[in-house]
Amino acid sequence: MENKEIRIGIIGVGGIAMGAHVGGLKNVKNCRISAICDTDTTRLKERGDILGIPEALRFTDYKKLVDCDEVDAVEVCTPNYLHPEMAVYAIEKGKPVNVEKPLGISYEQAKTMLEAQEKYGTPGMVCFSYRFRSAVRYAKILLEENAIGDILGVNVKYLKDSGLWAGRRLEWRFRKEFAGTGVLGDLGVHLIDMCTYLLGDIKKVFGTCDIIVKERKYLDSEEYGNVTTDDACNFIATLENGRTANFSISRCVLGHKNTITFDIFGSDGIISFDLNHPDELSVCIGKVDKECGGMHTVKVPAKYELSQEGTFVEIARGNKVECHPTIADGIKCQKILDAIQLSSETGRLVDVE
Ligand SMILES: NC(=O)c1ccc[n+]([C@@H]2O[C@H](COP(=O)([O-])OP(=O)(O)OC[C@H]3O[C@@H](n4cnc5c(N)ncnc54)[C@H](O)[C@@H]3O)[C@@H](O)[C@H]2O)c1
């Protein structure tokens, strides 16, 4: 099993598939992309030619790709509302599946994947990409070593300018029926996963979601339609130990292409991560009143870097891996997304369970 060649079928060959997935798989030994699927036939042809996929292995029906004998494992890279039905089909057919985040448009919809996995036992993973960053993995080790003592607070930001790009149309991600949430599920879910991965469960949330650009032109006409997903979301989360984490997420911040900052304040020090410096942590370690000596930069050893796609290939081979964002982790995050939306709608603190 250990080094078996893994032939990957990708469903949805849009932006993330051609970026992180194709790019990541290039560096993974003994695997290849054997088939692709997309309902956009122009894109299917163009991407099939780029990837050198034979015509017979280019599909418009995802079930045909999953059923194909030349596919061992499946990556689901379609809009959010399609993830559950596609992943469940792959799980039922015993094909290991790597699902893009968020897992679906609601907890009710997404949990079908976990139910199917419990029934069929097929391996699965969620693309919580930032968990694989060396600085995040190193932060986890420091936290496990209790390097900063008791957690007193967390401050997290994810900022982009992508909601303000001129002429951007009413794509699927701006419509609730296809995306579920906007920036909350698109960007915020990465932070929620990072927070639960590093610090444990989130118990309660209080949040507000805001649509800043209210209308956009439809994809195929000059008419305007309503944006129904959030452009900005701020929320406070209560951690297992009762302390709070403060999250600020927006796709309408000029000057920010993809900024993530994550500060964890402890009784004995601080750990800070900034995606603009992905191989570093800014830390103050030691009792704050004695040895800390202020913030300083730690270069994270290269050995902590891990490939998301390489991890999926190992999982598809049936091997155990150390950093594995599971379907259950994705469902946990989905529940938190639902709770934040409910909090925003009702103006109340919401218990995640
Ligand atoms: N992990 C990350 O950091 C990250 C980053 C960006 C996007 N994503 C996620 O990846 C997913 C896709 O996002 P994207 O930006 O690539 O979107 P996209 O619109 O660029 O690509 C989606 C593709 O799916 C295709 N598609 C739609 N319906 C289909 C169907 N029924 N069968 C087959 N193909 C179908 C579309 O034609 C399109 O080519 C989303 O869930 C998004 O949240 C994750």
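- Contact of the S106 side chain with the D338 side chain is registered, since non-hydrogen atoms from C-beta on lie closer than 4.5 Å.
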task: Report the C-alpha separation of M18 and L51 in whole Å, then their side-chain angles, then the decisive distance to 0.1 Å, and conclude whether the side-chain contact (heavy atoms from CB on, under 4.5 Å) test is met.
output: CA-CA 9 Å; M18 296 305 286; L51 297 171; 4.2 Å; yes
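- The shortest side-chain heavy-atom distance between D230 and D210 does not fall under the 4.5 Å cut-off.
- In this structure, I202 is not a member of the same hydrophobic cluster as L349, with clusters built from ILVMFWY side-chain heavy atoms closer than 4.5 Å.
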field: N246 and V156: CA distance, side-chain angles, deciding distance, side-chain contact (heavy atoms from CB on, under 4.5 Å) verdict
entry: CA-CA 6 Å; N246 188 24; V156 192; over 6 Å; no
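- Remark: K63 does not engage D67 in a salt bridge, criterion side-chain N to carboxylate O under 4.0 Å.
- Under a 4.0 Å N-O distance rule, the pair E322/R137 qualifies as a salt bridge.
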field: Pair Y197-D329, side-chain hydrogen bond (donor to acceptor under 3.5 Å, both in side chains): steps then yes or no
entry: CA-CA 9 Å; Y197 176 62; D329 292 335; over 6 Å; no
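- The pair K45-D38 does not count as a salt bridge, with every side-chain nitrogen at least 4.0 angstrom from each carboxylate oxygen.
- To the nearest 0.5 Å, atom NZ of residue K29 and atom CD1 of residue I6 are 16.0 Å apart.
- Taking hydrophobic clusters as Ile, Leu, Val, Met, Phe, Trp and Tyr residues chained together by side-chain heavy-atom distances below 4.5 Å, I16 does not share a cluster with V189.
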- request: Give the C-alpha distance, both sets of side-chain angles, the deciding distance and a yes or no for salt bridge (Lys or Arg N to Asp or Glu O under 4.0 Å) between K119 and E115.
  value: CA-CA 6 Å; K119 186 166 173 196; E115 289 160 359; over 6 Å; no
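- In terms of modelled atom types and a separation under 3.5 Å, the side chain of H83 and the main chain of T78 share a donor-acceptor contact.
- T229 and R251 form a side-chain donor-acceptor contact under 3.5 Å, judged by distance and modelled atom types alone.
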field: Evaluation steps, salt bridge (Lys or Arg N to Asp or Glu O under 4.0 Å), between K95 and D72
entry: CA-CA 6 Å; K95 304 249 168 129; D72 301 309; over 6 Å; no
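- For E223, the CD atom sits in a loose shell: 12 or fewer heavy atoms of surrounding residues, nucleotides or ligands are nearer than 6.0 Å.
- In this structure, I260 and Y130 have side chains that are in contact, with non-hydrogen atoms separated by less than 4.5 Å.
- Sorted by first and then second residue, the salt bridge (Lys or Arg N to Asp or Glu O under 4.0 Å) pairs with a member in residues 77-86 form an empty list; sequence neighbours excluded.
- Distance check, rounded to the nearest 0.5 Å: OG of S282 to CE of M295 gives 3.5 Å.
- There is a side-chain donor-acceptor pair under 3.5 Å between Q308 and S129.
- Looking at S343, its side chain does come within 3.5 Å of a backbone N or O of R348 through a donor-acceptor pair.
- Residues A232 and I212 share a closest heavy-atom pair of CB-CD1, 3.9 Å.
- Between F178 and Y81, the ring planes are tilted. Angles from 30° to 60° get that label.
- Remark: side-chain polar atoms of T196 are paired, donor with acceptor, to backbone N or O of D193 under 3.5 angstrom.
- For the pair P84 and N80, the tightest heavy-atom approach, listed with the atom from each and the gap, is CD-O, 3.7 Å.
- Side-chain contact annotation: E309 with H21, donor-acceptor N/O pair under 3.5 Å present.
- Between the side chains of Y304 and D279, no donor-acceptor pair is found at a separation under 3.5 Å.
- Here the straight-line distance linking atom CG of N30 with atom CZ of R7 works out to 11.5 Å at 0.5 Å rounding.
- Between the K217 side chain and the Y224 main chain, no donor and acceptor come within less than 3.5 Å of each other.
- Just one of N258, D186, T259 meets the side chain to side chain donor-acceptor pair (under 3.5 Å) condition when paired with Y158; it is N258.
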- request: Decide yes or no on side-chain contact (heavy atoms from CB on, under 4.5 Å) for L57 and I36, but give the supporting numbers first.
  value: CA-CA 7 Å; L57 295 170; I36 58 171; over 6 Å; no
message: Before you tell me yes or no, could you show the steps for R169 and E171 under salt bridge (Lys or Arg N to Asp or Glu O under 4.0 Å), namely the whole-Å CA-CA distance, both residues' side-chain angles and the distance that decides it to 0.1 Å?
response: CA-CA 6 Å; R169 300 249 171 174; E171 301 157 18; over 6 Å; no
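- A side chain to side chain contact (heavy atoms under 4.5 Å, CB included) with K160 holds for exactly one of D231, L187, V253, V183; it is L187.
- Using modelled atom types, no side-chain atom of Q334 and backbone atom of K111 make a donor-acceptor pair closer than 3.5 Å.
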task: Test salt bridge (Lys or Arg N to Asp or Glu O under 4.0 Å) on E353 and K335 and set out the steps.
output: CA-CA 8 Å; E353 281 308 314; K335 209 181 234 185; 3.1 Å; yes
- request: Decide yes or no on side-chain hydrogen bond (donor to acceptor under 3.5 Å, both in side chains) for N234 and S248, but give the supporting numbers first.
  value: CA-CA 5 Å; N234 294 295; S248 180; 3.0 Å; yes
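- Rounding to the nearest 0.5 Å places CD1 of I151 at 9.0 Å from CG of L198.
- A donor-acceptor distance shorter than 3.5 angstrom exists from the side chain of T228 to the backbone of K176, with no hydrogens or angles considered.
- No more than 12 heavy atoms of other residues, nucleotides or ligands lie within 6.0 Å of CD in E70, so this atom counts as exposed by the packing criterion.
- Stacking of K64 on the aromatic ring of F59 is not recorded, the 6.0 Å distance cut-off and the 45° axial limit not both being met.
- Nearest heavy-atom pair across L114 and I327 is N-CG2, 4.0 Å.
- Taking CZ from R133 and NE2 from H190, the interatomic distance works out to 10.0 Å, rounded to the nearest 0.5 Å.
- Looking at heavy atoms from C-beta onward, V22 lies in side-chain contact with I10 at the 4.5 angstrom threshold.
- The closest donor-acceptor contact from the side chain of D40 to the backbone of R43 lies under 3.5 Å.
- Under 3.5 Å, the side chains of E75 and N98 contain a donor-acceptor pair of N or O atoms.
- For K101 and F128, the positive end is not near the middle of the six-membered ring at less than 6.0 Å and at most 45° from its axis.
- Connection of L152 to I264 is not established within any shared hydrophobic cluster, with ILVMFWY side chains joined at heavy-atom distances below 4.5 Å, either directly or through further cluster members.
- Contact record, T311 with C323: CG2-O, 3.4 Å, taken as the closest heavy-atom pair.
- A distance-only check finds no donor-acceptor pair linking the side chain of D351 to the backbone of K204 [under 3.5 Å].
- The closest donor-acceptor contact from the side chain of Q109 to the backbone of I105 lies under 3.5 Å.
- Side-chain heavy atoms closer than 4.5 Å link hydrophobic residues (I, L, V, M, F, W, Y) into clusters, and following such links, possibly through other members, connects V136 to L306.
- Contact between P96 and G94 at its shortest, heavy atoms only, is CD-O, 3.5 Å.
- The backbone N or O of R243 lies less than 3.5 Å from a partner atom in the side chain of N241, making a donor-acceptor pair.
- Both the sub-6.0 Å distance and the 45° axial angle are not jointly satisfied by K157 relative to the ring of F247.
- L239 approaches C195 most closely through the heavy-atom pair CD2-SG, 3.9 Å.
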